[in-house]
Amino acid sequence: MDEKSMDEMTFEECLAKLNALVDQLENGKLDLDRSISIYAEAVKYRDRCRSILEDSERKVQELMRTADGTKKEEFVI
């Protein structure tokens, strides 16, 4: 089975991958070059999680709009 691309992953999948990478970094058993590589990958997953959350926030705000275009309330994370 082929691994999903980051763009195809759900928020939960991205978060799990991010957590696994953080665990590797916190382990302290990696050499510097590997730590930097894992850190760079973790940043990509963090950014993807953030993007998914921002998209979800926009969708929720759109759902909260009334038929006449005004918002019922502001959604804040």
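With E13 contributing its side chain and T10 its backbone, the two residues share a donor-acceptor pair below 3.5 Å. Of the possible donor and acceptor atoms, one in the side chain of S35 sits under 3.5 Å from a partner among the backbone N and O of D31. Side-chain N or O atoms of S51 include none that pairs as donor or acceptor with a backbone N or O of D47 at under 3.5 Å. Although no hydrogens or angles enter the test, the distance criterion places no donor-acceptor pair under 3.5 Å between the side chain of Q61 and the main chain of R58. Side-chain atoms of N19 come within 3.5 Å of backbone atoms of L15 as a donor-acceptor pair (strictly under, hydrogens ignored).
Under the 4.5 Å side-chain heavy-atom criterion for Ile, Leu, Val, Met, Phe, Trp and Tyr, I36 and L30 are members of distinct hydrophobic clusters.
Under the 4.5 Å side-chain criterion, counting only non-hydrogen atoms from C-beta, K29 is not in contact with Q24. Looking at heavy atoms from C-beta onward, M9 lies out of side-chain contact with R48 at the 4.5 angstrom threshold.
The line from CD1 of I38 to CG of D33 is 11.5 Å long, rounded to the nearest 0.5 Å. Separation of atoms CZ (R46) and CG (L21) is listed at 12.5 Å; rounding is to 0.5 Å. Once rounded to the nearest 0.5 Å, the distance linking NZ of K44 with SG of C49 reads 14.5 Å.
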Side chain to side chain contact (heavy atoms under 4.5 Å, CB included) between E41 and K17, worked out: CA-CA 10 Å; E41 186 176 0; K17 182 67 175 175; 3.6 Å; yes
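Heavy-atom minimum distance, Y45 versus L18: CB-CB, 4.1 Å.
Heavy atoms from other residues, nucleotides or ligands lying under 6.0 Å from CZ of F11 number more than 12.
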